[in-house]
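Down below is the structure, laid out as structure tokens.
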Amino acid sequence: MCGIVGIVGKSNVNQALYDALTVLQHRGQDAAGIVTSHDGRLFLRKDNGLVRDVFHQRHMQRLVGHMGIGHVRYPTAGSSTSAEAQPFYVNSPYGITLAHNGNLTNVEQLAKEIYESDLRHVNTSSDSEVLLNVFAHELAQRGKLQPTEEDVFAAVIDVHNRCVGGYAVVAMITGYGIVGFRDPHGIRPIVFGQRHTDEGVEYMIASESVSLDVLGFTLIRDLAPGEAVYITEDGKLHTRQCAVAPKLTPCIFEHVYLARPDSIIDGVSVYKARLRMGEKLAEKILRERPEHDIDVVIPIPDTSRTAALELANHLGVKFREGFVKNRYIGRTFIMPGQAARKKSVRQKLNAIELEFRGKNVMLVDDSIVRGTTCKQIIQMAREAGAKNVYFCSAAPAVRYPNVYGIDMPSAHELIAHNRSTQDVADLIGADWLIYQDLPDLIEAVGGGKIKIAEFDCAVFDGKYVTGDVDEAYLNKIEQARNDSSKIKTQAVSAIIDLYNN
């Protein structure tokens with residue numbers, strides 16, 4: 001998952017882009033980047049790290065211009081080296097920079113086409129650079145010295161015809177404007193809005209509405225599946241549907257975990273959706289365990305808090321904060337003579353013994369993926385004196401990998417893959433476990449005032465909405481993941497050997 005932003009303003013946009021990226025930091029902590037345009041020149045700063053670490057005053061002073069785009073990255077395809085930090089740039093045509101949230105499922109085919117037919121070179125393993133070159137090639141095909149909005153939209157139409165997967169994109173055409181577009185399934189979120197200043201109207205495109213709110217922009221709406229928005233450098237707004245048969249099937253996991261609760265995605269309040277998740281969970285507990293002996297409901301910080309609160313309210317049980325989160329965990333350094341070590345959950349969370357001692361505790365998390373973290377947390381609860389530890393997940397069992405831009409592991413790393421609920425409960429050490437039912441989750445997210453008929457629920461049901469994902473494809477990405485893991489392990493071992501010798 002990643003966060004993207006683009007702003008066409010009336011004065012320097014560097015500070016606004018920086019502020020927007022800090023609001024979107026939850027979508028990616030691996031790398032950050034900003035590029036601005038001024039008098040036909042580009043100014044770029046990107047590197048690995050958090051937004052606050054990548055941009056210092058000297059960098060911000062160089063990012064001049066009233067138009068720019070930004071990106072925060074969590075690696076889902078390619079590596080996590082600084083070479084793959086975004087935005088990416090190509091010089092032809094016009095000079096185009098691009099930032100992307102999502103994942104292309106036909107990237108191998110596209111990379112081959114780019115080299116053999118488009119005669120373009122791709123310098124990294126990132127599918128975002130592939131997407132940039134496809135867009136640049138299609139825009140170049142228009143053959144115009146100065147592109148119009150018709151040329152831009154025609155290029156987006158061709159991108160949709162060639163690219164498959166989930167993608168939300170902002171791209172800046174140097175000296176002309178910023179374009180944002182969304183895949184024909186609307187898998188990844190993207191919104192746009194405006195604000196009025198003394199100099200005129202400014203426009204902003206972003207992954208989530210909360211970044212618009214914080215900067216004083218008024219949300220206009222989400223981009224529809226397949227739709228593009230083009231804002232010229234002088235502030236003219238154009239929109240166009242660029243897909244032949246668009247269908248809204250957004251990623252439901254945005255509401256479960258990825259998005260901030262104060263965001264609105266496709267007209268649905270993330271906060272309200274999570275409240276309804278808690279309500280649905282409570283109803284299931286009352287159906288399956290009407291004689292439950294839960295004394296207290298405790299959320300696992302932070303995304304499960306909203307669902308846990310509503311769960312407790314509907315059960316008529318106390319809600320308590322039982323864990324304190326350390327928000328300042330830094331890197332784990334490999335010192336001479338030491339082996340690499342994994343961070344323990346205990347470095348991130350600490351239990352408040354008062355809330356556990358002698359009680360039957362219901363722990364609530366947004367989801368269970370590998371199961372290693374919740375296993376440690378359950379153990380912490382027992383060590384803090386809990387009599388019994390029950391566990392519930394606001395999402396159904398995660399049984400399949402995600403291929404549209406969320407870094408979810410291969411199927412064999414998922415604790416629920418080919419296992420029953422009781423099997424998972426035994427493995428994580430819970431006295432009993434409750435999963436959200438998928439129809440209830442769909443109703444919780446899509447059953448508000450804004451009705452959404454269908455979602456991408458592939459991680460739960462294995463049905464991939466783009467229709468091109470089969471077992472062979474999943475085996476291929478699992479092998480690629482294993483190869484990448486081996487390379488990282490070998491690199492760490494080499495560093496340790498270097499120190500030891």
Side-chain angles (χ1 to χ4, degrees), residues 4-21 33-45 60-71 87 89-99 132 135-136 138-157 159 168-182 190-207 211-212 215-224 227-242:
I4 58 174
V5 60
I7 298 176
V8 177
K10 298 301 180 181
S11 58
N12 283 337
V13 296
N14 51 358
Q15 185 65 55
L17 289 168
Y18 176 93
D19 292 342
L21 291 183
I34 290 175
V35 61
T36 58
S37 174
H38 180 66
D39 288 340
R41 293 185 62 193
L42 293 176
F43 302 88
L44 171 67
R45 167 63 181 170
M60 297 298 290
Q61 289 172 337
R62 289 198 291 265
L63 292 171
V64 295
H66 68 272
M67 179 171 72
I69 63 175
H71 185 265
Y89 166 76
V90 290
N91 70 336
S92 176
Y94 317 115
I96 302 173
T97 53
L98 178 143
L132 167 60
F135 176 67
E138 298 304 336
L139 191 56
Q141 294 295 97
R142 273 52 255 178
K144 298 284 188 66
L145 182 62
Q146 296 180 327
T148 66
E149 66 270 16
E150 297 298 328
D151 299 319
V152 172
F153 291 138
V156 175
I157 289 171
V159 168
V169 175
V170 287
M172 182 167 63
I173 306 169
T174 308
Y176 294 101
I178 289 179
V179 58
F181 55 92
R182 192 179 189 187
I190 183 170
V191 300
F192 66 102
Q194 65 181 18
R195 71 179 177 188
H196 295 270
T197 69
D198 293 338
E199 292 80 19
V201 180
E202 300 180 320
Y203 290 98
M204 178 175 174
I205 307 167
S207 291
S211 56
L212 276 68
L215 271 70
F217 283 78
T218 301
L219 175 67
I220 295 175
R221 59 181 173 83
D222 299 77
L223 279 180
E227 187 182 19
V229 56
Y230 178 54
I231 305 154
T232 61
E233 190 174 30
D234 59 356
K236 292 184 175 63
L237 177 75
H238 308 271
T239 61
R240 182 76 53 84
Q241 176 53 256
C242 297

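Worth saying up front: this structure is predicted, and the values here are computed from it rather than measured.
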Is there a side-chain contact between Phe181 and Cys242, using heavy atoms and a 4.5 Å cut-off? no

Check whether Arg182 reaches the backbone of Leu223 with its side chain - one donor and one acceptor, N or O, closer than 3.5 Å. yes

Nearest-0.5 Å distance, CD of residue Glu149 to CG of residue Leu237: 11.0 Å

Do the side chains of Ile220 and Val229 get nearer than 4.5 Å, heavy atoms only? no

Does the distance from a Lys or Arg side-chain N to an Asp or Glu carboxylate O, for Arg195 and Glu202, drop under 4.0 Å? yes

From Thr97 OG1 over to Leu42 CG, what is the distance, rounded to the nearest 0.5 angstrom? 6.0 Å

Where Ala171 and Phe135 come nearest, the two heavy atoms and their spacing: CB-CE2, 4.2 Å

Any side-chain heavy atom of Ser37 within less than 4.5 Å of one from Met172? yes

Would you sort out whether Ile231 and Phe192 count as a side-chain contact (heavy atoms from CB on, under 4.5 Å), showing the intermediate values? CA-CA 10 Å; Ile231 305 154; Phe192 66 102; 5.7 Å; no

Using every non-hydrogen atom in the two residues, find where Ile34 and Pro87 come nearest and quote the distance to one decimal. N-CD, 4.0 Å

Might you point out which heavy atoms bring Leu63 and Thr36 nearest each other, and give the distance in Å? C-OG1, 3.4 Å

First locate atom CG of Leu139, then atom NZ of Lys144, and finally report the distance between them rounded to the nearest 0.5 Å. 10.0 Å

Between Ala228 and Val156, which heavy-atom pair has the shortest distance, and what is it? CB-CG1, 4.1 Å

Look only at the side chain of Asp151 and the backbone of Arg142, and say whether a donor-acceptor pair between them is shorter than 3.5 Å. no

Determine the sole option in Val8, Leu212, Ile178 for which the side chain to side chain contact (heavy atoms under 4.5 Å, CB included) test with Ile205 is passed. Ile178

Can you say whether the rings of Phe153 and Tyr230 are parallel (under 30°), tilted (30 to 60°) or perpendicular (over 60°)? perpendicular

Once the angle between the rings of His38 and Phe43 is folded into 0 to 90°, is it parallel (under 30°), tilted (30 to 60°) or perpendicular (over 60°)? tilted

Side chain to side chain, Arg45 and Met60, heavy atoms closer than 4.5 Å: no

Is the shortest side-chain heavy-atom distance between Ile4 and Val169 below 4.5 Å? no

To the nearest 0.5 Å, what is the distance between CG on Leu44 and CZ on Arg62? 11.0 Å

Under a 4.5 Å cut-off applied to non-hydrogen side-chain atoms, are Val152 and Tyr176 in contact? no

Tell me if the NZ atom of Lys236 is crowded by more than 12 foreign heavy atoms within 6.0 Å. no

Do the side chain of Asn12 and the main chain of Gly65 share a donor and acceptor less than 3.5 angstrom apart? yes

Are any non-hydrogen side-chain atoms of Tyr89 and Val35 less than 4.5 angstrom apart? no

Do the side chains of Glu227 and Arg221 get close enough for a salt bridge, i.e. N-O under 4.0 angstrom? yes

Could you measure the distance from the CG atom of Leu17 to the CE atom of Met67? Nearest 0.5 Å is fine. 11.0 Å

Taking side chain as C-beta onward, heavy atoms only, is Thr232 less than 4.5 Å from His238? yes

Please find the pair of heavy atoms, one from Gln241 and one from Ala224, that lie closest to each other, and give the distance. NE2-CB, 4.4 Å

Which heavy atom of Ala20 sits nearest to which heavy atom of Leu215, and what is that distance? N-CD1, 4.0 Å

Check step by step if side-chain contact (heavy atoms from CB on, under 4.5 Å) holds for Ser11 and Glu199. CA-CA 8 Å; Ser11 58; Glu199 292 80 19; 5.6 Å; no

